[in-house]
There are 2 protein chains.
Amino acid sequence: MPHVSHLKSLQAVEMAIRTGSLKAAADALGITPAAVGQRIRALEDYLGTDLLLRGRSGLQPTPELERAMSDLRQAFSALERVTETLDFQRISEIQVVADPDWAELWLAPRLPAFREEHPNILFCINGAGDVPLRLGAPDVRVDYGDGRGEPLFSDILVPVTGLDNTRRIADWDPVLQMEGMPLLHLDVQRESPDHPGWVEWFKAFGHRESGPDRGVHYKHARIALEAVRQNVGFLVCGLSLVLSDLDAGSIVTPFPLAQHLRAPHPYRLTLRADAARRPQVQRFAAWLKAEADKTSQTLQSRVLSG
Amino acid sequence: MPHVSHLKSLQAVEMAIRTGSLKAAADALGITPAAVGQRIRALEDYLGTDLLLRGRSGLQPTPELERAMSDLRQAFSALERVTETLDFQRISEIQVVADPDWAELWLAPRLPAFREEHPNILFCINGAGDVPLRLGAPDVRVDYGDGRGEPLFSDILVPVTGLDNTRRIADWDPVLQMEGMPLLHLDVQRESPDHPGWVEWFKAFGHRESGPDRGVHYKHARIALEAVRQNVGFLVCGLSLVLSDLDAGSIVTPFPLAQHLRAPHPYRLTLRADAARRPQVQRFAAWLKAEADKTSQTLQSRVLSG
DNA sequence: TTTCTTGATAAAGAATATCTTTAGTAAATG
DNA sequence: CATTTACTAAAGATATTCTTTATCAAGAAA
């Protein structure tokens, strides 16, 4: 019983004939043209026969190969059905627990792009999503802090406000511009030194001397930002969480971005050891890191340019 | 267009189902059971689904795999037809030019074993064989001498004779036992100092003082050995060329093998650069070297043990 | 039961196969 | 002609794939 060898070579040959050129085959297979050529030549060497006529602009099977082409096509079309069948069934869910503000304001707007590419992957994020919460440790955690876990990115904290409020600043004291302005805070900003807020910002950059901790406190950044959009007041907030608002113009940064505080800690990613083996989780993690890198870049350039 | 990945894993899965066990699949594929398990698990990990139920004494496809099995079988049966078609066409001939005595007496008796394993490889050895001689340099050369080429083995030269002649020795002069005995020679032994014969042997070990170069001269060792078998006389000959005769008892070595001459040169193998790329030639060369090594071993142990 | 055998699995390192890179060639195109 | 395009060659880097070795579990035999 002759067992089949040179599977990848056969695949390359089939693809080369199907697409009509090594380059096109290479693209289809996600490798370089040189690699396709090598695969094919390996088989040709093994057989001691040429298989492809590399004619001018276009490939042709030699008579030897021609006799096998029908079965070859059939084989790979069957294999494609196999992978399609298997892939289709490969539903997978990922349980995510993350810092609530980050999940709502950074992850949520980015996730649809990932889900479009991976419709088989279902999510449960902080208990809500496609699938119900499961007991036990989540597959993926993203926490703000100095614990373990791979850093994703470190945020930049800046004052933000609604469109109308910027004008109000201009009308007031040119030095202590924020004096008397309505301040908004997050609960964590008074509860934890890891979350700098107005108090720290005024200390660093001035603009106000009295009652830096006065004003409304919100539990969730999303709610606070909603208030900001409605010109309720001024909030110190992670720049990464309002990038789309800034682009849309629904929120503005009233001060130069050079006047910012660095978040004391990064957001950190941890995978449950068990889950880290699943390719779906690996892909999600890789995507998270890539997106986080993009955000890092964006934060950098924003701070530098304005 | 989803291109097919994990080809080898799919092959392993198909074979495992077909044969009913990882071990059997491993044998069929010519690898170890552990490797089969790894291939399969790689795919299972990738998909995030189990594919095989490793039940007690027998494998079963999971429902997920079951849905793909039909196409999977079809794919690999088509691939087997492909390789059969291609393999069938893969006739290949190897042109060999070699020392005639070596070719007739060493290569010829060993070659059938190789040809059994490689029925697609046809030979033309010194102009004769499956296929006619072709013009130009041969694919493989085996020469005796000090030229270029990889040494195969160095021969050991000893006196040989037919069964009946051994008794005659015992009847004669206990010191100069060979005095008066009929000597056989090869043409090359008088024409070339690279081929020691009786003259050199007597000089080294005694047993005769007069007319060491007297007697019949043969062109081919094969003919000379035929005469030896018929008790025509005594011949100094490469031990490697008479191993099967010694085993069969049709020829004997009348003196202790310790009384031997070393051939001044080894047999040497050279491949035409062009031909060396062909896998068939590579396999033949590898086989030659392996057989030569065996012969080396055999010569060693014979000389030492008796 | 205990012991032996067989088949499957895990981990680690070795051996290959495979890919990318870089450079170079020949045909097609402007 | 000069340029582009597709393919090829060689070398080194990277990954996969395999073997080895040891262990485990289950069934067969003592």
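Residue numbers start from 1 in every chain, and the chains themselves are labelled A, B, ... in the order their sequence lines are given, proteins ahead of strands. Predicted, not measured: the structure shown is a model, and the values here were computed from it. What's counted below: heavy atoms across the whole structure, side chains too, no hydrogens, waters or symmetry copies.
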Using a cut-off of less than 4.0 Å, is there contact between a side-chain N or O of [X] and OP1 or OP2 of [N]?
X: B:T32; N: D:dC18; value: no
X: B:R41; N: C:dT9; value: no
X: A:R39; N: C:dC19; value: yes
X: B:R54; N: C:dT9; value: yes

Please report the distance, rounded to the nearest Å, between [atom1] in [X] and [atom2] in [N].
X: B:K23; N: D:dC18; atom1: NZ; atom2: P; answer: 16 Å
X: A:E44; N: D:dT8; atom1: CD; atom2: P; answer: 8 Å
X: B:L43; N: D:dT17; atom1: CG; atom2: P; answer: 11 Å
X: A:Q11; N: C:dA17; atom1: CD; atom2: P; answer: 18 Å
X: B:L7; N: C:dT18; atom1: CG; atom2: P; answer: 10 Å
X: A:L29; N: C:dT18; atom1: CG; atom2: C1'; answer: 13 Å
X: A:D45; N: D:dA9; atom1: CG; atom2: P; answer: 10 Å
X: A:L59; N: C:dA27; atom1: CG; atom2: P; answer: 16 Å

Open item on the list: For a quick check of understanding: with a heavy-atom distance under 4.0 Å over all strands, which category does B:A42 fall into, base, sugar-phosphate or nothing?
Closed with: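 Result for B:A42 = nothing.
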TODO: Report the nucleotide, chosen from D:dT19, C:dT20, D:dC7, that has the shortest atom-to-atom distance to any side-chain atom of A:I31.
DONE: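 Within the option list, the nearest is C:dT20.
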Task: Nearest to side-chain heavy atoms of B:L22, which nucleotide of D:dT8, C:dA10, C:dA8 - done: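 The answer is C:dA8, which lies nearest to the side chain.
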Does this structure show an ion pair linking [X] with [Y], if we count only N-O contacts that are shorter than 4.0 Å?
X: A:E291; Y: A:K294; value: yes
X: B:D247; Y: B:R302; value: yes
X: B:R141; Y: B:E150; value: no

- [ ] For the pair A:F114 and A:F123, name the ring-plane relationship: parallel under 30°, tilted 30 to 60°, perpendicular over 60°.
- [x]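 Rings of A:F114 and A:F123: perpendicular, over 60°.
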Task: Whether B:T62 side chain and B:D50 backbone form a donor-acceptor pair below 3.5 Å - done: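 Yes.
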Open item on the list: If you assign B:Q38 and B:P33 each to the DNA chain C nucleotide with the nearest heavy atom, which residue ends up on the more 5' nucleotide?
Closed with: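 On the 5' side of the pair lies B:P33.
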